[in-house]
Amino acid sequence: QVQLVESGGGLVQAGGSLRLSCAASDRTFSNYAIGWFRQAPGKEHELIAAIAWSGYSTYYTDSVKGRFTISRVNAKNTVYLQMNSLKPEDTALYYCAASDAINMGEENYKFWGQGTQVTVSS
């Protein structure tokens with residue numbers, strides 16, 4: 001069982017930046033791909049970025065390409081999501097989750113964090 005804890009959320013003005021962190025409790029973390037999901041009120045979970053266990057493969061949904069960057073430091077059991085040029089529509093609860101490989105479907109992710117709130121004011 002891998003426990004994931006997100007941090008780094010908060011309130012920021014449009015155009016600002018935040019860096020989210022996803023820290024794992026177990027070194028087996030390095031065996032998993034990690035995805036960042038978000039859920040806005042009244043909407044479903046949306047996979048916005050993912051990174052393979054090696055860090056060499058990444059995925060971004062179109063709405064965040066060029067603005068968000070996912071990275072990982074396996075020695076620190078941590079995955080980061082650097083979010084720049086934030087927009088009000090980025091407001092959501094952000095979760096990280098672990099999967100055997102980069103997958104689009106949330107059902108493929110075995111372990112989930114509790115989430116961190118990101119609010120972008122206009």
One pair to check against side chain to side chain donor-acceptor pair (under 3.5 Å): R19 and Y80. What are the steps and the verdict? CA-CA 7 Å; R19 189 177 78 158; Y80 302 99; 4.7 Å; no

Assess whether side chain to side chain contact (heavy atoms under 4.5 Å, CB included) is satisfied between F68 and N84, documenting all intermediate values. CA-CA 6 Å; F68 291 9; N84 298 328; 6.0 Å; no

When rounded to the nearest 0.5 Å, the distance separating CD1 of I51 from SG of C22 is 11.0 Å

Assess the residue pair E89 and V120 against the criterion (side chain to side chain contact (heavy atoms under 4.5 Å, CB included)); give the C-alpha distance rounded to whole Å, side-chain angles, the decisive distance to 0.1 Å, and a yes or no. CA-CA 8 Å; E89 52 263 42; V120 184; over 6 Å; no

Where do A33 and A101 come nearest, in terms of heavy atoms and distance? CB-C, 3.5 Å

Can you tell me if CD on Q114 sees more than 12 non-hydrogen neighbours from other groups inside 6.0 Å? no

Please give me the minimum heavy-atom distance between T78 and S21, naming the atom from each residue. CG2-CB, 4.2 Å

Ignoring hydrogens, what is the shortest heavy-atom contact between I102 and A52? Give both atom names and the distance. CD1-N, 3.6 Å

Six-ring centre of F29, R72 cation under 6.0 angstrom, axis tolerance 45°: yes

Give the minimum heavy-atom separation between L4 and F111, together with the two atoms involved. CD1-O, 3.5 Å

Find out whether L93 and T116 are in side-chain contact, i.e. whether some heavy atom of one side chain is under 4.5 Å from a heavy atom of the other. no

Closest heavy-atom pair and its distance - Y109, N103: OH-O, 2.7 Å

Could you check whether the rings of Y95 and W112 sit parallel, tilted or perpendicular, using 30° and 60° as the cut-offs? perpendicular

Distance-only polar pair, side chains of E106 and N108, donor-acceptor under 3.5 Å: no

Minimum side-chain heavy-atom gap W36-V79 below 4.5 Å: yes

Would you call K87 and D90 a salt bridge, taking side-chain N to carboxylate O under 4.0 Å as the test? no

